[in-house]
There are 2 protein chains.
Amino acid sequence: MAQEFHALNERAQLLLKTLVERYIADGQPVGSRALSKYSGLDLSPASIRNVMADLEDMGFIASPHTSAGRIPTPRGYRFFVDTLLTVKPLDRIEINQLEGQLQINNTQKLVASASHLLSDLTRFAGVVVTPRRSSGFRHIEFLKLAEKRILLILVTAEGDVQNRIIQTDKTYTPSELVEAANILNQNYAGCSFDEIRRRVHAELKQVQEHMSQLMAAALAAGDQAVSESAEDVVISGEVNLLGIDDLSSNMTKLRDLFNLFEHRSTLLQLLDHSSRAQGVQIFIGGEAGLQPLDECSVVTAPYEVDGKIVGTVGVIGPTRMAYERVIPIVDITAKLLSSALTLR
Amino acid sequence: MAQEFHALNERAQLLLKTLVERYIADGQPVGSRALSKYSGLDLSPASIRNVMADLEDMGFIASPHTSAGRIPTPRGYRFFVDTLLTVKPLDRIEINQLEGQLQINNTQKLVASASHLLSDLTRFAGVVVTPRRSSGFRHIEFLKLAEKRILLILVTAEGDVQNRIIQTDKTYTPSELVEAANILNQNYAGCSFDEIRRRVHAELKQVQEHMSQLMAAALAAGDQAVSESAEDVVISGEVNLLGIDDLSSNMTKLRDLFNLFEHRSTLLQLLDHSSRAQGVQIFIGGEAGLQPLDECSVVTAPYEVDGKIVGTVGVIGPTRMAYERVIPIVDITAKLLSSALTLR
DNA sequence: GGCCAGCACTCATCGGGGGCGAGCGCCAAT
DNA sequence: ATTGGCGCTCGCCCCCGATGAGTGCTGGCC
């Protein structure tokens, strides 16, 4: 009818934009009167009602009940962020401030502080998927803790340190441990553990029996250490979401949401999606396919090391969030994290 | 009057006990009728009302409003747990099951799994204060990551591994790094960093300039690593508290509570209190002096290594919790943790 | 054809009032 | 000392009517 081809003319777009903005700002359904006041257009509420009716027909807005104003539907939000939204990038000064907040002691702390950064700045929940790591190692070392208890220290190719305790059948002397470490360090540094396993079998047939036992234990532990620390997601600032009345009105939903946070693997799947594409991605409401998130949006951006995407940062907050603020924050955080990781 | 000297005769105690038990069981104020039915005594509601009035006078119970039953006051709970409560210890089989749940890869994981254990078993929040560690080291190592970026690996006396990256002014050769590490390992293993600092100054005046720079950096980093990892509190299962209606009715209180969880230092102070005494300790309501906890109880027990208390485990839940279940769980967890740590 | 003032209509929200029921305190009787 | 009985107090729930925000529609104007 009025809006042919389901296309929005300029006026309708402007009205939708101000409607979404106003709703995001104060959380109340916005009516025709408010819209006529704030749109900048010189239209009476009555005319605006016509446009609103069209927008409702097209599924961009809806009214929670008969005599309330309209609120954006997920589709309305989608259109808003895709074509209506104007983000103002952060300025240099702010960026520099942020950069100072990132701890670069080691990867764990770096990731944790990035997550905190996100949650502090947005006052929502911050999430960071820990960087994928190569399976090789840079340095390995055995340290005798007690009889038959050996501490394995493993420095990954990325310069992170893993450690675990190995229970052995036999007792090893310190020098045997050093020797074993030397063999591994000199011949196999940089290789994956699978590869090492194959080559040790092939090349070191002559190695003493008890030595190869130690090797096997080390390799198994190494495998496990690598696989355990595979990919994880670090969340912080969940508390912030308790204050959001959009979410905390439904106690059960809120609990579902927090349960989701404990379910790392599900979250991981969602966030990994985002690491396929470049740049900031936004999941609105149930778009992610997870019920607990149906009143939430997830804003994500991948981060990279040496040009390769290795993980994802993101923010989880209510669908009614200030996207124009959150988007640049997530964007910048991803970039800062990238450069902090590339540095090492 | 009836109850002289503020002492409770047997009947009053029995009634108080069943009242608390019933209230804990179903969360409703319990009235005289219910009490007459469940106490086992053959008394009419009217007689019971007399006793209840006395109990109220003495501050053990109170009614939330005129025509509701009575609920225990903090003082009532206190008396209940101190003298009325009968805990049934867990049996061997259960303990063995629990023991299997504790990961003993390394201290961090051990502590984390203890915390999970507590929250899973009680369905409340589990807390563990990480073990105090001596400030000495067992082994130290430098690894060159890049020009002027050195990875410091530090094995504590307890066999835990700390690591951090040192930015240096000068470039060091791998052999210089090995040499530096050797000096430290051979001469100073087991000493505190303060002590090392003094002795290095005194004994190694002749050490080359750039070498002592490296030493200083290492010592500073070591100090920092030790102090950073000083004492921390690991919380898990906060989500469980969302389901407790005693707590989640007051949204603001709930938020305060969760904010407290983020405020590690405050929690630490509370939990450290507990590590003064032996055995299980219980803080009821505001006894800890923290408003956010006024509807909560904290059940704690210290754990030890070689007979010395090094930390605390605990459970935070609503005051209306099944103490007879929680207490042995906390107790056992502390003991399991003690032995798991002593093992290493 | 676009715009708009006016009007009837809907419906969530809020405050007040009445019935209900749980539980208590008191008292007189045993 | 114990107990049945009685009156009383409140919290809870439901109903109701007033209020007000916001809509859809209509008819007239440019």
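Sequence lines set the chain letters: A, B, ... in the order given, protein chains first and strands last, and positions in each chain run from 1. Note: hydrogens, waters and symmetry copies are ignored here, and every other heavy atom, side chains too, is used.
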note: Leu55(A), atom CG; dG24(D), atom P; distance rounded to Å ~ 11 Å
Note to self: OP1 or OP2 of dG23(C) versus the side-chain N and O atoms of Ser67(B): is any pair under 4.0 Å?
What the structure shows: no
Rounded to whole Å, CG of Leu43(A) lies from P of dG2(C) at a distance of 13 Å
Among the nucleotides dG11(D), dC26(C), dC7(C), whichever has the atom closest to the side chain of Arg49(B) is dC26(C)
Quiz prompt | Phosphate contact (dT23(D) OP1 or OP2) by Ser63(A) side-chain N/O below 4.0 Å | solution = no
**Study point:** Ring centers of Phe80(B), Tyr77(B) separated by less than 6.0 Å
**Key:** no
From CD1 of Ile48(B) across to C1' of dT2(D) the rounded distance in Å is 12 Å
- Task: Compare side-chain N and O positions of Arg11(B) against OP1 and OP2 of dT2(D) and report whether any pair is under 4.0 Å apart.
- Result: yes
The side-chain contact (heavy atoms from CB on, under 4.5 Å) partner of Ile284(B) among Asp294(B), Val298(B), Thr319(B) is Thr319(B)
The side-chain contact (heavy atoms from CB on, under 4.5 Å) partner of Leu267(A) among Leu290(A), Ile316(A), Val129(A) is Ile316(A)
Checking dG25(C), dC24(C), dA5(C) against the side chain of Ser44(A) (C-beta onward), the nearest is dA5(C)
Between Ala68(B) and Ala46(B), the residue closer to the 5' end of DNA chain C by nearest nucleotide is Ala68(B)
note: Leu41(A), atom CG; dG2(C), atom C1'; distance rounded to Å ~ 14 Å
Ranking Ser32(A) and Thr66(B) by the position along DNA chain D of their nearest nucleotide, the one closer to 5' is Thr66(B)
Sorted by position of nearest nucleotide on DNA chain D, 5' first, the leading residue of Gly69(A) and Pro45(B) is Pro45(B)
Whole-Å distance, Glu56(B) CD to dC26(C) P, equals 11 Å
query = Are more than 12 heavy atoms from other residues, nucleotides or ligands located less than 6.0 Å from atom CD of Gln269(A)?
reply = no
note: Gln28(A), atom CD; dA12(C), atom C1'; distance rounded to Å ~ 12 Å
Exercise. dC24(C) phosphate, OP1 or OP2: any side-chain N/O from Arg70(B) under 4.0 angstrom?
Worked result: yes
Worksheet item: With sugar-phosphate meaning primed atoms plus P, OP1 and OP2, does Ser47(B) contact a base, only sugar-phosphate, or nothing at under 4.0 Å between heavy atoms?
Response: base
Here the distance between atom P of dC26(C) and atom CG of Asp54(B), to the nearest Å, is 12 Å
Please say whether more than 12 non-hydrogen atoms of neighbouring residues, nucleotides or ligands are located less than 6.0 Å from CD in Gln291(A).
no
Between CD1 of Ile71(B) and P of dG23(C) the distance, given in whole Å, is 14 Å
